[in-house]
Amino acid sequence: MKQYQTYIFDLDGTLLDTLTDLTLSVNYALRTYGMPEHTRDDVRSFVGNGVRLLMERAVAQGAANPLFEKAFATFRKHYLLHSLDNTRPYPGIEDMLAKLKARGCRLAVVSNKFYAATQELCHHFFPQTIEVAIGEHEAEGIRKKPAPDTVLEALRQLGTSKADAVYVGDSDVDIQTARNAQMPCISVLWGFRDHKFLTDHGGRIFAHNPSDLLV
């Protein structure tokens with residue numbers, strides 16, 4: 001696999017297995033307002049486009065539900081308090097990041113998770129390797145993925161260009177984001193989507209495990 005100077009990573013399903021904590025927070029919010037709860041596999045199919053859309057998919061009638069905003073606010077509050085309860089890096093991730101860092105590579109995270117949670121998780125799990133962590137941005141004019149804005153902002157903060165950079169993610173949104181940023185994309189196969197799904201959505205380069213990014 002081609003080696004790059006800059007690696008921009010998705011977070012959920014790519015570096016961290018966040019699915020259990022997301023599921024627990026989704027179901028806490030739904031239960032609070034007497035709504036039907038979801039299985040872990042249900043929530044797996046909902047993630048990838050930011051937490052608001054996650055909750056729109058989880059709540060019956062979505063944003064049209066009169067209790068949606070309250071349920072969404074409850075989810076956010078609960079998740080910020082419990083995002084570290086069960087979340088862990090996938091096996092091999094920390095070693096892979098450390099070896100890329102030792103090579104002099106620049107490393108960043110770009111996620112559609114809300115900004116505070118993205119910052120907290122990266123600071124907790126990857127304080128020595130991830131230099132820049134950007135979540136769903138509140139600044140005017142910076143759109144979330146699959147728009148290229150947050151990827152380009154990460155490159156700006158790193159002080160690098162996309163000339164020798166790659167985006168690494170686990171979803172169709174990540175493939176679209178890389179395309180919109182005019183960067184190559186490596187799709188990982190240990191995350192929330194399988195090989196067929198990724199291939200069907202334009203995936204062409206695959207990593208079966210984190211060590212594939214090192215060779």
Side-chain angles (χ1 to χ4, degrees), residues 1-19 22 47-51 83 87-115 117-137 144-193 198 203-215:
M1 186 173 292
K2 175 179 166 60
Q3 297 296 296
Y4 297 88
Q5 180 60 33
T6 301
Y7 290 77
I8 310 292
F9 293 93
D10 173 55
L11 188 60
D12 294 46
T14 301
L15 298 182
L16 295 178
D17 184 355
T18 57
L19 191 56
L22 286 169
V47 298
N49 297 86
V51 291
S83 63
T87 290
R88 298 291 183 273
Y90 287 101
I93 288 294
E94 291 165 295
D95 181 64
M96 176 269 293
L97 292 176
K99 287 178 177 176
L100 288 177
K101 186 75 172 179
R103 291 179 181 177
C105 297
R106 310 299 302 277
L107 308 177
V109 160
V110 166
S111 173
N112 273 347
K113 185 186 292 293
F114 45 96
Y115 199 91
T118 301
Q119 291 276 311
E120 180 182 16
L121 288 167
C122 288
H123 289 164
H124 180 82
F125 288 110
F126 312 119
Q128 304 302 319
T129 49
I130 297 298
E131 303 172 65
V132 171
I134 297 177
E136 187 171 352
H137 218 288
K144 69 178 184 179
K145 301 185 298 182
D149 302 32
T150 48
V151 172
L152 300 179
E153 175 63 14
L155 292 171
R156 185 192 70 78
Q157 291 188 30
L158 287 172
T160 61
S161 76
K162 61 185 178 183
D164 195 24
V166 65
Y167 192 88
V168 183
D170 74 304
S171 74
D172 54 323
V173 174
D174 297 317
I175 294 167
Q176 294 168 27
T177 300
R179 184 181 301 124
N180 291 337
Q182 299 182 316
M183 291 167 53
C185 181
I186 299 173
S187 297
V188 307
L189 297 177
W190 57 81
F192 297 162
R193 302 289 184 262
L198 293 168
R204 296 293 178 266
I205 306 170
F206 299 97
H208 292 265
N209 55 69
S211 63
D212 288 347
L213 298 175
L214 300 170
V215 295

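One N or O on the side chain of E131 and one on the backbone of L107 form a donor-acceptor pair closer than 3.5 Å. For the pair D212 (side chain) and N209 (backbone), a donor-acceptor distance under 3.5 Å is present. Q5 places a side-chain N or O within 3.5 Å of a backbone atom of G104 that can act as its donor or acceptor partner. No donor-acceptor pair closer than 3.5 Å links the side chain of D17 to the backbone N or O of Y90. Remark: side-chain polar atoms of R106 are not paired, donor with acceptor, to backbone N or O of A165 under 3.5 angstrom. In this structure a side-chain-to-backbone donor-acceptor pair under 3.5 Å is missing from D12 to T18. Not one N or O on the side chain of W190 forms a donor-acceptor pair closer than 3.5 Å with the backbone of H208. Looking only at distances, no side-chain donor or acceptor of Q176 sits under 3.5 Å from a matching main-chain atom of A147.
Atom SG of C105 sits about 7.0 Å away from atom CD of Q3, to the nearest 0.5 Å. Atoms CD1 and NZ, on I130 and K101 in that order, are 8.5 Å from each other to the nearest 0.5 Å. Rounded to the nearest 0.5 angstrom, Y167 OH and L155 CG are separated by 11.0 Å. Note that CG of L198 and CG of L189 are 6.5 Å apart. Values are rounded to the nearest 0.5 Å. Between L16 atom CG and C122 atom SG the span is 7.0 Å, to the nearest 0.5 Å. I186 contributes atom CD1, which lies 11.0 Å from atom OG1 of T14 (distance to the nearest 0.5 angstrom).
Summarising the geometry of N112 relative to K144, their closest heavy-atom pair is OD1-CB, 3.2 Å, with the distance given to 0.1 Å. Residue A108 comes nearest to A154 through the heavy atom pair CB-CB, 4.2 Å, listed as atom of the first residue, atom of the second, then distance. The two atoms that bring L213 and A207 nearest to each other are CD2-CB, 4.2 Å, heavy atoms only. In terms of heavy-atom proximity, F125 sits nearest to E94 at O-OE2, 4.1 Å. Minimum interatomic distance between T150 and G135 (heavy atoms only, all atoms of both residues): CG2-O, 4.1 Å. L15 and D10 make their closest contact through CG-O, 3.6 Å (heavy atoms, listed as atom of the first residue, atom of the second, distance).
A perpendicular orientation is assigned to the rings of Y7 and Y4, their planes being inclined by more than 60° (bins at 30° and 60°).
With 3.5 Å as the limit, one finds no donor-acceptor pair spanning the side chains of D174 and T177. The closest side-chain donor-acceptor pair between K162 and Q182 falls under 3.5 angstrom.
Contact annotation: the side chain of T118 never approaches that of I134 to less than 4.5 Å [non-hydrogen atoms, C-beta and beyond]. Residues K2 and D164 meet the side-chain proximity criterion, which asks for heavy atoms closer than 4.5 Å. Using a 4.5 Å cut-off on side-chain heavy atoms (C-beta onward), L22 and K113 make contact. Within the 4.5 Å cutoff, the side chain of P210 has no heavy atoms near those of the D95 side chain.
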